[in-house]
Amino acid sequence: MRHILLTLVLFAFGSIELFAADYRYEIDLRGSWKFSIGDNEEWAQPEYNDTDWDQIPVPARWEDNGYRGYNGFAWYRKTFTVSSYFENRLVYLELGYIDDVDEVFFNGVKIGQTGTFPMSYVTAYNAFRTYIVPHSLLNFNGENTIAVRVYDAQLEGGIVSGTVRLGAAGIAVIPEISMNGNWNFELGSKSGDSYQVVVPGQWENQGFYNYNGYAVYTKTVNIPNKLAKEKLIFMAGRIDDFDKIYINGQLIGQTGDYDGKTNSDMYSEYRNYFIPENIVTSGENTVVIKVYDYGGEGGIIEGNVGFITQDKFIEYWKMKRRDKGK
């Protein structure tokens, strides 16, 4: 029997549109934030000195707080502590409704974007912002800094309304090697012009608005020798619509009719693939995720992406059952 095309195991983690009752713990981030108009990439870094910045309430239109008539770029910053209660749980950052486009950094690392900035400007003023915060970025029982880059084209601007908080939901399945973050990205089914996108996140919000069809994600990651010898699973998150996933040039699995492009409901499923032996090696390993989007949102949409041992993956589901019983 060929093991390279092992049947994938699909688990539905549920929607990320959570309500207050769904969070076990949360930190209310409404209130005073640091604020500056203009645009500077250094403002994303937690060590940046923002003591001379203005204070502005969040959520609120910046036009109502001293910046009437201003359109363009501005940044928000907030520093706060995260308790150990958030460990081992799914952590989400909710930023309500932002007019028009935002790019979000957690402790200096980009975790997501909604809408597209000029020159390919597309507003997302009516989209509620929810971003997954990777556990590797969280500083438990210490300071954490959120930086939000905002572009407003006209009328009201800023983090204007809605819930603004950090929430911890159920037990998280956390890979030993996380691959959330920047990936190389190409349009089409073969190599071409390469871009950078953040995973997870739909590509429409990262400069590829209204694009449907093939795309290729590529990333190289270092695997320690001890982990390379384990039985591993590759977690690829929720993908819209179909995918084929390769590690070091070997196909480890696929979901949906990637070549036939027949429409289906596969976009709602999370991909978790058992990796055959002797594919993952000690040192550098290259992961290629080929995606076909039938329509609507496209790409690696949500969830943790990376390598996890089979033992840890099984233990997660045992913990999840116990957690539900509490």
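Just so you know, these numbers come straight off a predicted model, no measurement behind them. Below, each value reflects all heavy atoms present in this structure, side chains not excepted, and no hydrogens, waters or symmetry copies.
Looking at heavy atoms from C-beta onward, F80 lies in side-chain contact with I27 at the 4.5 angstrom threshold. Here the side chains of R89 and Y25 are in contact, with some heavy-atom distance below 4.5 Å. The side-chain heavy atoms of I308 and L232, taken from C-beta on, include no pair separated by under 4.5 Å. For the pair Y267 and Y294, the minimum side-chain heavy-atom distance is 4.5 Å or more. Contact of the K78 side chain with the T145 side chain is not registered, since no non-hydrogen atoms from C-beta on lie closer than 4.5 Å. Counting heavy atoms from C-beta on, the side chains of D293 and F242 never come closer than 4.5 Å. Proximity of V287 to W183: side-chain heavy atoms (C-beta onward) are separated by under 4.5 Å at one or more points. With contacts defined as side-chain heavy-atom distances shorter than 4.5 Å, the pair N272/F313 qualifies.
When the shell of 6.0 Å around CD of Q196 is examined, it contains more than 12 heavy atoms from other residues, nucleotides or ligands. By the 6.0 Å contact criterion, CD on Q55 is enclosed, its count of non-hydrogen atoms from other residues, nucleotides or ligands being greater than 12. By the 6.0 Å contact criterion, OH on Y211 is enclosed, its count of non-hydrogen atoms from other residues, nucleotides or ligands being greater than 12. In the displayed structure, E284 atom CD is contacted under 6.0 Å by at most 12 heavy atoms of other residues, nucleotides or ligands.
For F128 and Y97, the gap between ring centers is short of 6.0 Å. Ring centers of F274 and F234: at least 6.0 Å apart, outside the cut-off. Between Y258 and Y214, the distance from one ring center to the other falls under 6.0 angstrom.
Listed by first then second residue, pairs satisfying salt bridge (Lys or Arg N to Asp or Glu O under 4.0 Å) with a partner in residues 167-177 number zero, not counting sequence neighbours.
For K110, the side chain to side chain donor-acceptor pair (under 3.5 Å) criterion is met by E103, Q113, not counting sequence neighbours. Residues passing the side chain to side chain contact (heavy atoms under 4.5 Å, CB included) test with E87 are S84, F140, sequence neighbours excluded. Legend: residues meeting side chain to side chain contact (heavy atoms under 4.5 Å, CB included) with D28, ordered by chain and number and at least two apart, are R30. Taking the side chain to side chain donor-acceptor pair (under 3.5 Å) definition, one finds that T81 meets it with nothing, sequence neighbours left out.
At distances below 3.5 Å, not a single donor-acceptor pair connects side-chain atoms of N180 with backbone N or O atoms of P134. Checking side-chain atoms of K34 against main-chain N and O of D50 turns up a donor-acceptor pair under 3.5 Å. Looking only at distances, a side-chain donor or acceptor of N65 sits under 3.5 Å from a matching main-chain atom of R61. No donor-acceptor distance shorter than 3.5 angstrom exists from the side chain of N184 to the backbone of K219, with no hydrogens or angles considered. With hydrogens and angles ignored, the 3.5 Å screen pairs a side-chain donor or acceptor of N144 with a backbone N or O of N139.
Residues I275 and M179 share a hydrophobic cluster, clusters being chains of Ile/Leu/Val/Met/Phe/Trp/Tyr side chains in contact below 4.5 Å. Hydrophobic clustering keeps V148 apart from Y125 (ILVMFWY residues linked when any side-chain heavy atoms are closer than 4.5 Å, directly or through intermediates). Clustering ILVMFWY residues whenever any of their side-chain heavy atoms sit less than 4.5 angstrom apart, transitively, puts I56 in the very cluster that holds I98. Note on V133: it does not cluster hydrophobically with I174, by side-chain heavy-atom contacts below 4.5 Å among ILVMFWY residues. Put simply, V305 and Y195 are part of the same group of oily side chains (I, L, V, M, F, W, Y) that touch within less than 4.5 Å, one to the next.
There is no side-chain donor-acceptor pair under 3.5 Å between T309 and D311. For the 3.5 Å distance criterion, the side chains of Y131 and T114 qualify, holding a donor opposite an acceptor. In the model, T286 has a side-chain atom that pairs as donor or acceptor with a side-chain atom of T220 under 3.5 Å. Between T123 and D100, the side chains place a donor N or O and an acceptor N or O closer than 3.5 Å (distance only, hydrogens not considered). Side-chain atoms of D243 and Y273 include a donor-acceptor pair closer than 3.5 Å.
Other residues sharing the hydrophobic cluster of I314, ordered by chain and number and joined by side-chain separations under 4.5 Å: none, the residue standing alone.
K290 has no carboxylate O lying under 4.0 Å from a charged side-chain N of E186, or vice versa, which leaves the two without a salt bridge. Residues R129 and D102 are paired through a salt bridge, judged by an N-O separation under 4.0 Å between the basic side chain and the carboxylate. Electrostatic pairing of R165 and E94 counts as a salt bridge here, judged by a charged N lying under 4.0 Å from a carboxylate O.
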Run the numbers on K312 and E230 for salt bridge (charged side-chain N to carboxylate O under 4.0 Å, His left out), then give the verdict.
-> CA-CA 11 Å; K312 186 174 180 181; E230 297 275 355; over 6 Å; no
For R149 and D39, run salt bridge (charged side-chain N to carboxylate O under 4.0 Å, His left out): C-alpha distance rounded to whole Å, both residues' side-chain angles, the deciding distance at 0.1 Å, then the answer.
-> CA-CA 8 Å; R149 181 189 186 215; D39 193 26; 2.8 Å; yes
Please step through side-chain contact (heavy atoms from CB on, under 4.5 Å) for the pair T116 and V101, ending with a clear verdict.
-> CA-CA 6 Å; T116 55; V101 183; 5.5 Å; no
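For the ring pair (Phe, Tyr, Trp, His ring centres under 6.0 Å) test with F35, the passing option among F73, Y70, Y67, W75 is Y67; the others fail.
Note: Y92 and Y23 have tilted aromatic rings, judged against thresholds of 30 and 60 degrees for the angle between ring planes.
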